[in-house]
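This report concerns only the one structure given below.
In listed order, ligands and their atoms are each counted from 1.
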Amino acid sequence: MARKAARFVCQQCGASHAKWGGRCDSCGGWNTLVEEAPVEATPRGLGSKRGRKIDFVGLDGDGEGAPRRATGIKEFDRVCGGGLVAGSALLVGGDPGIGKSTLLLQVAAALSGGLAVAYVSGEEAVDQVRLRARRLGLAQAGARLATGTSVRDIAASVDVADGPGAVVIDSIQTMYVDTIDAAPGTVTQVRASAQELIRLAKRRGFILFLVGHVTKEGLIAGPRVLEHMVDTVLYFEGERGHQYRILRAVKNRYGATDEIGVFEMSDAGLIEVSNPSALFLADRRGDVSGACVFPGMEGSRPVLVEIQSLIAPSALATPRRAVVGWDSGRLAMITAVLEARCGLSLASREVYLNVAGGLRIAEPAADLAVAAALASAASGTPVAEHSVVFGEVSLSGEVRAVAHADARLKEAAKLGFTGAIMPKRRGKAGAGAAKGRRPGGLEIVEIDHLRDLLALFPPLAEGRATGGQGGQGGRHGARRREPARHG
Ligand code: TYD
Ligand code: MG
């Protein structure tokens, strides 16, 4: 298909546009279009010149299942699917300052035991990297260090007879190919630089690590286009205020993508955390009422967050409702359902809801977790310790199944949780997810209706019991007829 030579390229998604605009039609990003040198238009066709014949082979050959090279950093190897494959390209993405250079220096040092490793920094001077190596206690490792940003120079240096077996490029956004008239960091340059380096890696059979900075939107700056070019995409993430870091495989041609590696930051670099639950639960007091852990999905990635709520008596005619990290409309809906369907009235009380760690949740799957946090706060009873809660709540109070239940459970199990409160799994024939398996051996409490959830909090259950079926009358039921809240 003939593609027009584009001049304006979205730095977020890589889409090209003939005209400049404030907003990218393709990804909706604002102010992301940058003028770049026109990419060569697709040739008009093959013409009459005949190509060289390519060879076809059978599927069964002696390419004995790509041998893997383990780094010895277990959390890293796990995310890579057991080790690194020669000739493969890995993209390590993450926010600036999250620790990518530190991680890769440690990986480079670990690999240098049995492999010639070249570490090319386009961002830091040799002395800076040396200083870091000394601080990490890796100064004696055999990795070779250089600075450079020209892909031509780098290629010339590693494409030699006794070239390295692993090359680290820190970062791909600083690299440039001199035949392309565009600034480093632009989509065109990043794409071209990566392509050259990946081609070289495949030809020479070295392991290529590309560091990529992530923009605010959570995409690697400019090149989401890189994700399809490399074999493995790893994201390194964590919160600045916390000392833990998570390495996640988003794509892996040589392994599963639902593995995570957990590290703890220290003065001496990243330390593997073999029992992440200890780290995650360290801050969390399981016996506190009003808090519960929600296994959310960020894109295809599960992330556990704590949802906290506080319910306080109010002297105001319209008690306050404050939400951080969730939709206030959705909170109003959950409180209304709790009131109308379960007889738990919060009308005369202030309700505060907070998603810990500054995360924003947009998923309806958090409904049940929010309801559990509210019920827990209202009853003063903690949610079952070491349990995660998820499920969508309908206006009738029914709890609906949500997508990625297995991924959520697996993540919870990985992080040391032992139970889950979740929607009933319907035994749909043929549906891969609903096999009644219990990933990671979690103890699962299946909930059909919000009433079943409240039954888990004894004070509420008793209150409801006095009200009889459907929550008519009784302690909580009596409050049901209070005027609706505003806001
Ligand atoms: P750095 O690896 O330079 O981040 P990135 O390459 O992703 O931009 O690390 C950022 C800073 O954090 C740096 O000043 C070193 C510090 N740091 C530690 O002190 N200990 C650690 O374990 C890590 C990972 C980083
Ligand atoms: Mg860096």
Checking a contact table here: which protein heavy atom is nearest atom 8 (O) of ligand 1, and how many Å away?
Gly97 N, 2.7 Å
Counting neighbours of NZ on Lys74 that are heavy atoms of other residues, nucleotides or ligands and sit closer than 6.0 Å, is the number greater than 12?
no
Taking side chain as C-beta onward, heavy atoms only, is Ser101 less than 4.5 Å from Glu124?
yes
Is at least one protein non-hydrogen atom found at under 4.0 angstrom from atom 21 (C) of ligand 1?
yes
Determine, stepwise, if the pair Asp231 / Lys202 fulfils salt bridge (charged side-chain N to carboxylate O under 4.0 Å, His left out).
CA-CA 11 Å; Asp231 300 302; Lys202 300 262 180 256; 2.7 Å; yes
Please list the nearest protein heavy atom to atom 17 (N) of ligand 1 with its residue and the distance rounded to 0.1 Å.
Met265 CE, 3.8 Å
How close does the nearest protein non-hydrogen atom get to atom 6 (O) of ligand 1, and which residue and atom is it?
Ser101 OG, 2.6 Å
Taking 2.8 Å as the cut-off, does an N/O/S atom of Ser101 lie below it from the Mg ion (ligand 2)?
yes
Aromatic plane relationship, Phe209 with Phe76 - under 30° parallel, 30 to 60° tilted, over 60° perpendicular
tilted
Looking only at distances, can you tell me whether any N or O atom of Ser266, backbone or side chain, sits closer than 3.5 Å to an N or O atom of ligand 1?
yes
Distance-minimising heavy-atom pair for His386 and Phe417:
C-CD2, 3.4 Å
Starting from atom 19 (O) of ligand 1, locate the nearest protein heavy atom and write down its residue, its atom name and how far away it is, to 0.1 Å.
Arg135 NH1, 3.4 Å
Which ligand 1 atoms does Leu270 reach within 4.0 Å, using its non-hydrogen atoms?
22 (O), 24 (C)
Any non-hydrogen protein atom less than 4.0 Å away from atom 2 (O) of ligand 1
yes
Non-hydrogen atoms of Arg132 versus ligand 1: any pair closer than 4.0 Å?
yes
Can His213 and Lys100 be counted as having a side-chain donor-acceptor contact under 3.5 angstrom?
yes
Among non-hydrogen protein atoms, atom 4 (O) of ligand 1 lies closest to Gly99 N, 3.0 Å
Lys NZ or Arg CZ of Arg248 over Tyr235 ring: under 6.0 Å, within 45°:
no
Which ligand 1 atoms are under 4.0 Å away from a heavy-atom of Thr102?
1 (P), 2 (O), 9 (O), 23 (C), 24 (C), 25 (C)
Any idea which heavy atoms bring Leu331 and Leu353 closest together, and the distance?
CD1-CD2, 4.2 Å
Beyond-backbone contact of Arg245 with Glu264, side-chain heavy atoms, under 4.5 angstrom
no
Sub-4.0 Å heavy-atom contact, Ile98 with ligand 1:
yes
